[in-house]
Amino acid sequence: MKTESVLEKVLASGNLAVTSECGPPRGTNAEIIKAKGELLKGKVDAVNVTDNQTAMVRMSSFAANVFLKQAGLNPILQMVTRDRNRLAMQADILGAYAHGINTMLCLSGDHPSFGDHPMAANVHDIDSVQFIQMVKKMRDEGKFQGGADIDNPPKMFIGAAANPFADPFELRVARLAKKVAAGVDFIQTQCIYNLDKFEKWMEGVRARGLHEKCYILAGVTPMKSAGMARYMKNKVPGMDVPDEVVKRMAGVPKEKMADEGIDICVESIQRLKEVEGVAGFHIMAIEWEKKVPEIVERAGLLPRPTVS
Amino acid sequence: MITAERKPLEELIEYVRPYDRILLVGCNECVTVCAAGGRKEVGLLASALKMAFAKEGKTIDIKELTLERQCDPEYIEELVPHIEDVDAVMSMACGCGVQEIAKRFKNIPVFPAVNTKFMGASEQQGIWAERCQGCGDCLLGLTGGICPIARCSKHLMNGPCGGSTNGKCEISPDVDCVWQLIWDRLKALGMEDRYEEIIPAKDWRTAGGGGPRKIIREDLAE
Ligand code: SF4
Ligand code: SF4
């Protein structure tokens with residue numbers, strides 16, 4: 001075991017892991033994050049906390065991680081390279097680890113032009129692959145990126161994202177291979193709606209044995225409405241929502257759409273369970289955390305294993 | 001070349017409003033090529049300023065001059081005979097030229113007439129695009145001759161990110177995803193293997209992170 005991460009232990013035990021995510025509040029009300037944590041407690045193994053997602057300012061992932069940790073959950077520190085240089089990133093990793101946070105997700109982040117501060121400087125001192133290398137060096141060599149020794153190095157279980165649906169498709173396995181070579185431990189994928197394409201990607205992943213070098217958690221997001229399905233299809237870069245999914249959502253009366261979305265999500269998990277190399281699920285219920293327990297239950301993923 | 005665009009006339013009017021005699025200086029290099037501050041643009045701006053002030057009932061004396069290069073002290077000397085007769089200088093060169101004038105003439109205010117944009121190339125008539133950020137440690141040898149620093153919206157040295165769609169960048173369908181371009185080119189060259197070599201974190205000192213940059217060529221410096 002490389003770390004004390006509960007997620008690592010669940011994955012190593014051979015159980016399908018379940019993670020979810022929380023967006024911190026756009027303000028200082030800690031009760032919001034605590035309430036989201038309560039909804040997820042005992043239902044998932046770990047909870048990602050987003051870092052200024054879609055380039056909108058929110059309470060820091062670090063601070064919200066601490067609230068979840070205090071509430072007895074296993075938070076995952078998401079961090080984007082967009083907002084901080086390597087000094088600030090390493091400083092937050094030290095601080096988070098000192099607070100008992102031992103799992104993180106290394107991302108580049110959405111471009112500032114998507115958010116509410118399009119005028120902000122775009123830092124990108126390092127990219128997500130170099131970010132993985134940095135956290136691994138901190139953990140395994142006990143050294144800062146700049147080379148100096150760390151007193152009591154942070155032992156982070158290192159995650160990253162992969163999007164099998166972005167272009168060029170033929171590079172998507174190779175990009176994962178780069179993250180694996182950099183030292184990633186687990187991967188959470190972009191939301192999967194096009195299962196055929198995901199399975200094709202996984203074939204490429206297996207052909208190179210990458211599923212044996214990192215744990216792959218398949219990402220799913222329940223749709224609330226046909227409008228959301230259309231929005232994700234047309235407006236979110238790198239998102240692949242097939243027509244039949246939009247049609248299925250649009251084919252039920254308005255008041256039934258949310259249920260239909262949950263059904264699709266549960267059915268996707270059932271099918272993905274059969275895909276060799278899928279080590280678990282990352283359920284991103286965007287501002288809909290209260291539905292996660294139902295999804296986990298119906299997908300047959302409860303109870304969560306206890307590990308020590 | 002260094003590209004530039006002329007500032008809005010209203011901004012330029014406010015710069016020169018307090019003065020009666022202006023020296024308007026163009027540059028024969030990059031800003032001529034990108035049609036922002038060459039001899040022709042000097043003439044056009046001089047007329048526009050005169051007309052704008054004439055409407056307000058003010059006459060302004062504008063002397064026009066275009067130097068071979070404004071980023072070179074040798075050519076700046078050519079301004080000496082004219083500088084005595086003016087209250088202010090407006091430069092149509094890039095920021096380098098403006099600063100050379102400011103350095104040479106301590107007692108005369110100098111104002112920029114253009115916004116200096118980027119180092120780029122001409123894509124077609126009237127369209128210029130960024131190509132290089134002068135990072136001081138060129139990676140083009142690793143990336144098929146296409147720059148991920150200047151042309152990836154996130155400076156990804158190991159892209160593409162998850163937002164690349166149909167060859168376009170996540171920020172806009174009008175922007176090419178540079179990692180698609182790099183990949184296409186590596187493929188065309190039969191150099192696909194190169195893609196999987198991780199480009200390590202960059203040392204930004206050469207890109208300006210180490211403070212203002214300077215080149216000293218011992219063999220040439222006196
Ligand atoms: S790698 Fe650096 S020097 Fe080379 S083209 Fe890009 S910005 Fe310019
Ligand atoms: S889409 Fe391509 S160019 Fe745009 S940020 Fe991502 S990798 Fe860079």
Side-chain angles (χ1 to χ4, degrees), chain A residues 54-55 80-82 85-86 89 107-114 118 122-134 137 145-146 160-183 188-191 208 219 234-240, chain B residues 130 133 135 139 142-144 146-188 191-210:
Chain A
T54 61
V80 298
T81 62
R82 177 194 62 223
N85 72 3
R86 62 191 91 177
M89 295 167 88
L107 304 168
S108 52
D110 297 316
H111 192 268
S113 57
F114 291 103
N122 201 354
V123 180
H124 296 301
D125 177 10
I126 55 178
D127 70 19
S128 52
V129 173
Q130 298 157 350
F131 187 3
I132 295 165
Q133 288 180 316
M134 179 173 84
K137 181 171 172 177
Q145 204 267 349
N163 184 359
F165 309 107
D167 290 320
F169 180 69
E170 56 187 343
L171 261 194
R172 289 294 145 189
V173 171
R175 182 122 202 278
L176 174 64
K178 280 184 103 161
K179 291 189 174 179
V180 167
Q188 292 171 323
T189 76
Q190 171 69 291
C191 328
R208 295 191 54 170
N234 300 321
K235 292 278 170 1
V236 183
M239 189 75 79
D240 182 346
Chain B
E130 185 163 19
Q133 278 183 10
C135 76
L139 297 172
L142 305 176
T143 57
I146 302 173
C147 177
I149 307 291
R151 300 175 66 183
C152 168
S153 306
K154 300 178 187 170
H155 292 165
L156 300 185
M157 284 158 259
N158 300 282
C161 76
S164 178
T165 308
N166 296 323
K168 298 298 173 184
C169 174
E170 70 172 29
I171 66 160
S172 158
D174 302 327
V175 177
D176 289 329
C177 170
V178 77
W179 274 99
Q180 176 81 55
L181 300 178
I182 292 171
W183 173 243
D184 290 346
R185 178 139 168 95
L186 290 176
K187 252 192 341 188
M191 293 166 74
E192 290 96 326
D193 293 354
R194 173 82 21 115
Y195 173 78
E196 295 213 17
E197 285 168 27
I198 296 178
I199 297 183
K202 202 164 172 59
D203 180 341
W204 295 105
R205 281 175 292 189
T206 59

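A note on names: the letters A, B, ... follow the listed sequences, proteins ahead of strands, and every chain is numbered from 1.
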May I ask you to decide if A:Asp127's main-chain N or O and A:Gln130's side chain share a donor-acceptor pair within less than 3.5 Å?
yes

Is A:Arg172 in contact with chain B via its backbone, its side chain, both, or neither, using a 4.5 Å heavy-atom distance?
side chain

Between A:Arg82 and A:Asp110, is there a donor-acceptor pair closer than 3.5 Å when you use the side chain of the first and the backbone of the second?
yes

State, yes or no, whether a side-chain contact exists between A:Ser113 and B:Ile171 at a heavy-atom distance under 4.5 Å.
yes

Between B:Asp203 and B:Arg205 (side chain of the first, backbone of the second, donor and acceptor by atom type, cut-off under 3.5 Å), is there such a pair?
yes

Taking every non-hydrogen pair under 4.5 Å, which of A:Gly109, A:Pro164, A:Pro112 racks up the most with chain B?
A:Gly109

Which bit of A:Asp167 is near chain B, if near means a heavy-atom gap under 4.5 Å: side chain, backbone, both or neither?
both

Counting only non-hydrogen atoms closer than 4.5 Å, can you tell me which residues of residues 176-187 of chain B sit against chain A?
B:Gln180, B:Trp183, B:Lys187

Counting only non-hydrogen atoms closer than 4.5 Å, does A:Ala182 touch chain B with its backbone (N, CA, C, O), its side chain (CB onward), both, or neither?
both

Under 4.5 Å from any heavy atom of chain A, what part of B:Glu192 do you find: side chain, backbone, both or neither?
neither

For B:Glu196, is there any backbone N or O sitting under 3.5 Å from a side-chain donor or acceptor partner on A:Lys178?
no

Select one option (side chain, backbone, both, neither) describing which atoms of A:Val123 are under 4.5 Å from chain B's heavy atoms.
backbone

I need the contact set between residues 148-156 of chain B and chain A: heavy-atom distance under 4.5 Å, sorted by residue number.
B:Ser153, B:Lys154, B:His155, B:Leu156

Does any N or O in the side chain of A:Asn163 come within less than 3.5 Å of the main-chain N or O of A:Gln190, such that one atom is a donor and the other an acceptor?
no

Donor-acceptor contact below 3.5 Å, side chain A:Thr189 vs main chain A:Gly219
yes

Is the backbone N or O of A:Asp125 less than 3.5 Å from a side-chain atom of A:Asn85, with the two atoms forming a donor-acceptor pair by type?
no

Side chains of B:Ser164 and B:Glu170 in contact at under 4.5 Å (non-hydrogen atoms):
no

Ring of A:Phe131, cation from A:Lys179 - is the NZ or CZ under 6.0 Å from the centre and inside 45° of the axis?
no

Search all heavy atoms of A:Arg175 against all heavy atoms of A:Ser128 and return the closest pair with its distance.
NH2-OG, 3.3 Å

Is B:Thr165 reaching over with its side chain to a backbone N or O of B:Lys168, donor-acceptor style, under 3.5 angstrom?
no

